[in-house]
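The figures here come from the full heavy-atom set of this structure, side chains too, leaving out hydrogens, waters and symmetry mates.
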Amino acid sequence: MSATHANADAPAAENLLAGLDLACVPSPAFVVDAAALARNAALLARLRAETGVRVLLALKGFALWRAFPLLRGALDGVCASGAHEARLGAEEFGGEVHTYAPAFRPGEFAEVLGRSTHVTFNSVAEWQRHRAAAAARGVSCGLRLNPGFSAAPAALYDPCAPGSHLGVSAAALAGVDLAGLDGFHVHALCQQDAAACAGLVEAVLARFGPLLGARRWLNLGGGHHFTRPGYDLAGFAAVMGKLRAVFPGEIYVEPGEAVALHAGVLVATVLDVVTNDGIATAILDTSATAHMPDVLEMPYRPEIVGAGRVGEKAHAFRLAGSTCLAGDVIGTYAFDRALVAGDRLVFLDMAHYSMVKTTTFNGIGLPAIALWHADERRLEVCREFGYADYRGRLA
């Protein structure tokens, strides 16, 4: 990008929810800061304008449709992972709808075609089975490639690990007639900078370069941390410039996390404090396993406003969820004073992925969802959940 070499536009965590009285927030609740989300959208719009790359919102990472008006003008559309996400994107976001799944359910595929502008298949065989139906609906068809480039920081998120079922290898395309195939899709990044994107592009060109010329589009997937402070935006622009020198078609990226990065929190309340074997544990009205599963799956340690690591502050507490799973533990944090029942805690960076992954395991209630409009000093509670939501998932 011409204007700046690194992204310095992301809001500082301490500036989120400025002016919001936490006592007015339902607990637990995901609260998205509308102004922070709009700032992310503005940066993505600038990246889109200055590089010519088309930007799609990955609904698997952020699907708060009440917030789509804040994003719609800045992005080109959405990418979906099946019929439900494709429908949400078509109905609530508009623009292009790119749908990919490791395999499409036969009973849902007609709806996928009816809601999508682009469909990417995971195998040559599946493309060949559905290409005629897609052509009849005017849907652009693509194929997911496995570029053999592993950059994900955790094995759980590495789609290019040995034996991966995601994407087609270069060897598997030898001798395959790709006439009529419009595009290719690759995905190998996770929370990464422009240098990793450069590595991905090099791998794609090395393995699939001769096949690119006949394609109309190339989707470089997600995992680009565009809105993280310090992301090398100029470096990304340079990578795109080199790619355009050999590929004249449309280039897409599909960030999910970057759209909502540093834009939302999870507000929770201490229900009780218990001490066993010298370990003080605060039991919260939220849950790692049900409300923020990446804490256990990644794993990672979410930051909490006003908290630090053990030894940095006077009082250490293990934080546990309120399900009966023994391992429902978020981590151990230090605080300036001892926690007591009724204290509010604010977990940072919970707008992306956490909201779309929540469950009602153990019958635990889902967190409410709210938007904070700082310019109006207004908390918009978009949804609260109850017994009907739990019961409705079962038969």
Side-chain angles (χ1 to χ4, degrees), residues 22-32 60-64 84 154-157 256-257 260 264-310 315-335 338-370 381-395:
L22 291 180
C24 299
V25 180
S27 184
F30 293 109
V31 184
V32 175
K60 67 180 180 180
F62 184 73
L64 179 55
H84 289 173
L156 184 68
Y157 298 101
E257 181 165 333
V265 304
L266 175 60
V267 177
T269 301
V270 176
L271 300 178
D272 195 14
V273 177
V274 299
T275 301
N276 285 305
D277 300 319
I279 298 173
T281 300
I283 301 174
L284 310 182
D285 62 354
T286 190
S287 162
T289 188
H291 298 161
M292 36 181 144
D294 279 344
V295 168
L296 303 182
E297 292 176 359
M298 187 78 170
Y300 87 105
R301 171 192 168 90
E303 296 298 319
I304 298 175
V305 174
R309 296 185 176 275
V310 175
H315 303 274
F317 287 82
R318 176 186 289 172
L319 304 182
S322 50
T323 73
C324 64
L325 177 69
D328 189 0
V329 174
I330 300 159
T332 301
Y333 295 77
F335 300 87
L339 295 179
V340 297
D343 282 343
R344 289 288 179 98
L345 301 181
V346 179
F347 293 87
L348 295 173
D349 249 348
M350 289 290 160
H352 54 81
Y353 283 104
S354 293
M355 274 198 290
V356 297
K357 286 187 171 185
T358 55
T359 74
T360 57
F361 168 68
N362 216 180
I364 192 170
L366 296 170
I369 296 173
V381 179
C382 303
R383 180 80 186 273
E384 293 187 87
F385 301 88
Y387 170 70
D389 300 288
Y390 166 70
R391 183 180 184 276
R393 296 183 63 254
L394 305 171

[X] [atom1]: over 12 foreign heavy atoms closer than 6.0 Å:
| X | atom1 | result |
| --- | --- | --- |
| Arg391 | CZ | no |
| Arg301 | CZ | yes |
| Tyr390 | OH | no |

Closest contact, heavy atoms only, [X] versus [Y]:
| X | Y | value |
| --- | --- | --- |
| Ala316 | Ala280 | O-CB, 4.2 Å |
| Ser354 | Phe30 | CB-CE2, 3.9 Å |
| Ala288 | Val329 | CB-O, 4.2 Å |
| Ala260 | Phe62 | CB-CD1, 3.6 Å |
| Pro28 | Leu266 | CB-CD1, 4.3 Å |
| Pro26 | Ala368 | CB-CB, 4.1 Å |

Under the side-chain hydrogen bond (donor to acceptor under 3.5 Å, both in side chains) definition, can you give me all pairs with a residue in residues 323-335, not counting sequence neighbours?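 Qualifying pairs, neighbours excluded: Ser287-Asp328, Thr323-Asp328.
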Do you know which of Leu345, Leu271, Thr269 makes side chain to side chain contact (heavy atoms under 4.5 Å, CB included) with Leu284?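 When Leu345, Leu271, Thr269 are each tested with Leu284, the side chain to side chain contact (heavy atoms under 4.5 Å, CB included) holds only for Leu345.
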If I take atom [atom1] from residue [X] and atom [atom2] from residue [Y], how far apart are they, to the nearest 0.5 angstrom?
| X | Y | atom1 | atom2 | answer |
| --- | --- | --- | --- | --- |
| Asn362 | Thr289 | CG | OG1 | 9.0 Å |
| His352 | Lys357 | NE2 | NZ | 11.0 Å |
| Phe347 | Ile330 | CZ | CD1 | 4.0 Å |

Hey, does Leu319 have a side-chain heavy atom less than 4.5 Å from the side chain of Ile304?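 When only atoms from C-beta onward are counted, Leu319 and Ile304 do touch, with a gap below 4.5 Å.
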Do the non-hydrogen side-chain atoms of Val273 and Val340 ever get within less than 4.5 Å of each other?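 Result no, sub-4.5 Å side-chain heavy-atom pair not found.
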Apply side-chain contact (heavy atoms from CB on, under 4.5 Å) to Ala341 and list each qualifying residue two or more places apart in sequence or on a separate chain.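 If we apply the side-chain contact (heavy atoms from CB on, under 4.5 Å) test to Ala341, skipping adjacent residues, there are no hits.
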Check: Leu22 main-chain N/O paired with Arg344 side-chain donor or acceptor under 3.5 Å: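 Yes.
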Using only atom types and a distance under 3.5 Å, with no angle test, would you say the side chain of His291 pairs donor to acceptor with the backbone of Ala29?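 Not at all, since once roles are kept as given, no pair shorter than 3.5 Å links the two residues.
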Using the side chain to side chain contact (heavy atoms under 4.5 Å, CB included) rule, take Val305 and Val265 through it: C-alpha gap first, then chi angles, then the decisive distance, then the call. CA-CA 10 Å; Val305 174; Val265 304; 5.9 Å; no
Is there a side chain to side chain contact (heavy atoms under 4.5 Å, CB included) between Thr286 and Met292 once you walk through the steps? CA-CA 9 Å; Thr286 190; Met292 36 181 144; 3.8 Å; yes
Salt bridge (Lys or Arg N to Asp or Glu O under 4.0 Å) involving [X] - partner list, sequence neighbours excluded:
| X | answer |
| --- | --- |
| Glu384 | none |
| Asp343 | Arg337 |
| Asp285 | none |
| Asp389 | Arg383 |

For a side chain to side chain contact (heavy atoms under 4.5 Å, CB included) check, start with the C-alpha distance between Asp349 and Tyr300, then their side-chain angles and the critical distance, and finish with the verdict. CA-CA 12 Å; Asp349 249 348; Tyr300 87 105; 5.9 Å; no
